[in-house]
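Structure record follows, encoded as structure tokens.
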2 protein chains.
Amino acid sequence: MKIELDGYDGRILAELQADARMSMTELGRRVHLSPPAVAERVRKLEAAGVITGYHACVDPAALGYAIRALVRVGRAEFARMTDTIAATAEVTGAWNVTGEDSWILEIAVTDVAHLDRVLTAFCALAQTSTAIILKTVRERGPLLPP
Amino acid sequence: MKIELDGYDGRILAELQADARMSMTELGRRVHLSPPAVAERVRKLEAAGVITGYHACVDPAALGYAIRALVRVGRAEFARMTDTIAATAEVTGAWNVTGEDSWILEIAVTDVAHLDRVLTAFCALAQTSTAIILKTVRERGPLLPP
DNA sequence: GCTGAAAGCCTCACGAT
DNA sequence: ATCGTGAGGCTTTCAGC
């Protein structure tokens with residue numbers, strides 16, 4: 001599962017993070033490799049766990065999720081928390097972290113009533129503090145080898 | 001730029017969020033549409049801004065980013081903040097939010113010295129408080145029509 | 001990692017519902 | 001307006017080198 005990454009791999013990762021549906025032919029053209037060579041490298045990056053998947057990115061607002069928020073949640077029983085997260089589709093991100101608050105959640109809701117419904121589920125487990133997202137300045141920033 | 005989404009679109013969004021590199025033939029097979037029909041729907045979802053892109057997902061740890069953190073940053077001059085974010089590739093997410101802290105950043109660094117370097121850049125703008133990510137329970141949770 | 005051939009995919013035009 | 005069918009061109013993939 002470990003792997004040595006060279007310059008080709010770095011450029012491949014950059015291109016596929018920018019456009020995951022790019023053809024292997026086009027990708028090869030951009031990094032100056034033949035289609036079979038670049039396809040084999042991509043296959044190895046997937047097998048090594050460097051590339052974990054390919055995902056379409058959807059605009060929450062376009063689906064009617066007018067409000068996005070980051071919610072801090074205090075110390076709560078781990079299993080109870082993961083169960084509640086698993087049962088809540090509005091949670092788009094969930095991290096267990098160090099600090100006074102043990103959890104940070106990223107949520108998407110349609111309106112204030114919806115926000116209240118989601119927060120109520122987590123208020124039952126621990127104290128919450130909610131920060132409404134005003135502007136998303138960066139998201140899914142591309143990662144390159146250090 | 002507005003659009004009515006039916007059951008087909010919902011299933012298409014679910015499939016492409018799970019695997020963005022799926023062929024239109026396979027996608028059509030799964031939602032019970034012909035390849036041209038499903039390709040036309042995907043094209044319209046892109047044009048309407050519902051699908052904003054397709055991205056390969058990379059494991060930070062596999063690239064050597066052993067530490068991920070969520071950093072809260074207090075009130076800072078907006079332009080100064082966006083400039084610093086733009087100049088810092090370690091910032092994988094950046095949100096301007098309501099509350100006592102005006103910003104929440106998601107960062108990926110290789111070690112503690114690297115963490116210090118990144119935090120120092122933002123400490124110059126406002127007070128920061130850093131929460132190291134212990135476990136990622138959910139990330140890029142799929143969004144479906146409400 | 002490259003080349004070449006076979007299989008599969010994408011996309012266009014066109015006809016049907 | 002939207003779907004399905006079929007042909008042509010491109011992409012992917014497997015040998016062999």
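Below, read A as the first sequence line, B as the second, and so on, with proteins coming before strands; counting in each chain starts at 1.
- Between the P atom of D:dT13 and the CZ atom of A:Arg41 lies a distance of 17 Å, rounded to the nearest Å.
- When rounded to the nearest whole Å, the span between CD of B:Glu40 and C1' of D:dA1 equals 11 Å.
- By the 4.0 Å N-to-carboxylate-O rule, B:Glu15 lies too far from B:Arg11 to be salt-bridged with it.
- In the region residues 29-37 of chain B, proximity to DNA chain D at under 4.0 angstrom, judged on heavy atoms, holds for B:Leu33, B:Ser34, B:Pro36, B:Ala37.
- No more than 12 heavy atoms of other residues, nucleotides or ligands lie within 6.0 Å of CD in A:Glu100, so this atom counts as exposed by the packing criterion.
- Note on the helix from C:dG1-D:dC17 to C:dT17-D:dA1: angle between the axes of the first and last five pairs equals 30°, rounded to 10 degrees.
- Applying the 4.5 Å side-chain rule to ILVMFWY residues, one finds that A:Leu144 remains a lone member of its cluster.
- Considering every non-hydrogen atom in both A:His55 and B:Cys57, the closest pair reads CD2-CB, 3.7 Å.
- B:Val71 and B:Val97 fall into different hydrophobic clusters, where Ile, Leu, Val, Met, Phe, Trp and Tyr are joined by side-chain heavy atoms under 4.5 Å apart, directly or via other members.
- Contact of the A:Leu115 side chain with the A:Ile132 side chain is registered, since non-hydrogen atoms from C-beta on lie closer than 4.5 Å.
- Between B:Ala108 and B:Thr92 the shortest heavy-atom distance is CB-CG2, 4.4 Å.
- Residues of residues 43-53 of chain A having a heavy atom closer than 4.0 Å to DNA chain D: none are found.
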Problem - Residue pair A:Trp103, A:Thr82: steps toward the side-chain contact (heavy atoms from CB on, under 4.5 Å) verdict - result: CA-CA 10 Å; A:Trp103 294 87; A:Thr82 53; 4.1 Å; yes
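- There is no path of hydrophobic side-chain contacts, each under 4.5 Å, that joins A:Tyr54 to B:Leu13.
- Using a 4.0 Å cut-off on heavy atoms, none of the residues of residues 5-26 of chain A approach DNA chain C.
- Counting heavy atoms of neighbouring residues, nucleotides and ligands inside a 6.0 Å radius, atom CD of A:Glu46 exceeds 12 of them.
- Inter-residue side-chain proximity for B:Val58 and A:Leu45 is flagged as unmet; no heavy-atom pair is nearer than 4.5 Å.
- Applying the salt bridge (Lys or Arg N to Asp or Glu O under 4.0 Å) definition to pairs two or more places apart or across chains, those involving residues 63-72 of chain B are B:Arg68-B:Glu106, B:Arg68-B:Glu139, B:Arg72-B:Asp101.
- No more than 12 heavy-atom neighbours from other residues, nucleotides or ligands sit within 6.0 angstrom of OH on B:Tyr8.
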